[in-house]
Undergrad: 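Questions regarding the structure given below will be posed in turn.
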Amino acid sequence: VSARPDLDSCFVSAAAVTFTELVGRPATGVWSAPGRVNLIGEHTDYNGGLVLPIALPHRTTAAVSRRTDGLLRVHSVQVGETVTIALDDIGPGRPPGWSGYVAGVLWALRADGFDVGGLDVVVDSDVPLGAGLSSSAALECAVGAAASDLFELGLLGDDRARARLAAACVRAENEIAGAATGGMDQAAALRCRAGHALLLDCRSGEVEQVPFDLSASGHALLVTDTRTPHALVDGQYARRRAACERAAAALAVASLREVPASELASTLAKLEEELRPRVRHVVTEIERVSAAVAALRAGDLVAVGRLLDASHTSLRDDYEVSCPQLDVSVEAARAAGALGARMTGGGFGGSSIALIPAGVVEEAEHGIRAAFARHGFREPRCFAVTAGSAAGRDI
Ligand code: GLA
């Protein structure tokens, strides 16, 4: 019996059907985890700052059974590839590519002292790949949820346990897959609640659930996947992170979270010129997250929209992680009546979000498409989203 009647049953069973075909018997269970969009608080997670993601309705599904021979055998329906590796052979860069995110979770749980054995895994996903919507975190967290249940680790029980599983998924991504990301995505996939945005304090690890139901006030959140390949993202992301660490070291603070917004001007004056706009973005963005949470709680969506706009400007001009497609998508959304719009995720491509009156969703989609055509950009994909639920067992 599906615990998630909201989910398309054909989609749930696709991973399970493929599992039975490939393994020769049905999977013990099916688990899934969502992609995410971040409402505001970009490039703040690795600075100990605040972020405010929602879980997407889009999910990665994993049909899984235990194996007794210490092997991981994982098949991806999207990639059409099966990878087999002994748990003892998993390490930095091994296995390479997409399966490293799966293997990395088992490695990290074992490194954390959990008694985890081999698995047969078939994964399927409707989280758009390479769209900046955290398909990799969804993959890690779906497999982490399965491992937790199948090896009785108890890591899905409460938020504290889920935070521990999220930390293992972050280690998988940082140490095995080799992507130095900051942890927001895994927290979103494991700790979000349906109908809520997750206010995560990346310094303390504490979370607050902030009610997020735009439809109640006749609004919608429109995601635009610009379908722009972000080839430079890895190097640029690491460079931004390194710049923040350099600035924190120069200021003799543990992270840029320690810089009070009220002392921004005098703090910037102490830094070499190149680092100033980066630090200005981080410090002002953390302030904008707090302001956005207050505005959401007060039902002031006009104020939320202004903060989204300010976040985009800061990411474009100070942090320099936007790109023409992202800029055009937010400008077109605003021209169609959005209260505010911004790039979401790491940047250099990927997706943007727009807060819009529900009545102009179609007009905004049309406007964004037309603007992309005028600029000769690849056709974007637009879809409205609501705040979905965290990783868990489906069947
Ligand atoms: C990527 C990373 C996150 C976060 C964002 C920027 O999505 O995976 O950890 O740093 O970029 O906010």
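For reference, positions follow the sequence shown, starting with 1. For ligands, and for the atoms within them, numbers begin at 1 and follow the listed sequence. None of these values were measured; they are calculated from a predicted model.
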Undergrad: For a quick test of your reading: what N or O donor-acceptor pairs under 3.5 Å do the side chains of residues 16-31 make, sequence neighbours left out?
TA:
residue : atom : partner : partner atom : Å
Thr18   : OG1  : Ala14   : O            : 2.9
Thr20   : OG1  : Ala16   : O            : 3.1
Thr28   : OG1  : Ser65   : OG           : 3.1
Trp31   : NE1  : Asp149  : OD2          : 2.7

Undergrad: Distance under 4.0 Å, heavy atoms only, partner ligand 1: which residues pass?
TA: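 Contacting ligand 1 under 4.0 Å are Arg36, Glu42, His43, Asp45, Tyr46, Thr181, Gly182, Gly183, Met184, Asp185, Tyr237, Gly345, Gly346.
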Undergrad: Look at the side chain of Gln186 and the backbone N and O of Ala137, then say whether any donor-acceptor pair between them is shorter than 3.5 Å.
TA: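 No; zero donor-acceptor contacts below 3.5 Å.
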Undergrad: Just jot down the side chain to side chain contact (heavy atoms under 4.5 Å, CB included) partners of Pro324, sequence neighbours excluded, or say none.
TA: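 Only Phe377 meet the side chain to side chain contact (heavy atoms under 4.5 Å, CB included) criterion with Pro324.
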Undergrad: Linking I/L/V/M/F/W/Y whenever their side-chain heavy atoms sit closer than 4.5 Å, directly or via other members, would Leu56 and Leu221 fall into one cluster?
TA: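 Per the 4.5 Å side-chain linkage, Leu56 and Leu221 are co-clustered.
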Undergrad: When you look at Ser217 and Leu301, which way does the side chain to side chain contact (heavy atoms under 4.5 Å, CB included) test go after all the steps?
TA: CA-CA 9 Å; Ser217 66; Leu301 293 185; 3.3 Å; yes
Undergrad: Please list all pairs passing the side-chain hydrogen bond (donor to acceptor under 3.5 Å, both in side chains) test where one or both residues lie in residues 370-380, with sequence neighbours left out.
TA: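 Counting only pairs at least two positions apart or across chains, the side-chain hydrogen bond (donor to acceptor under 3.5 Å, both in side chains) contacts touching residues 370-380 are Arg369-Glu379.
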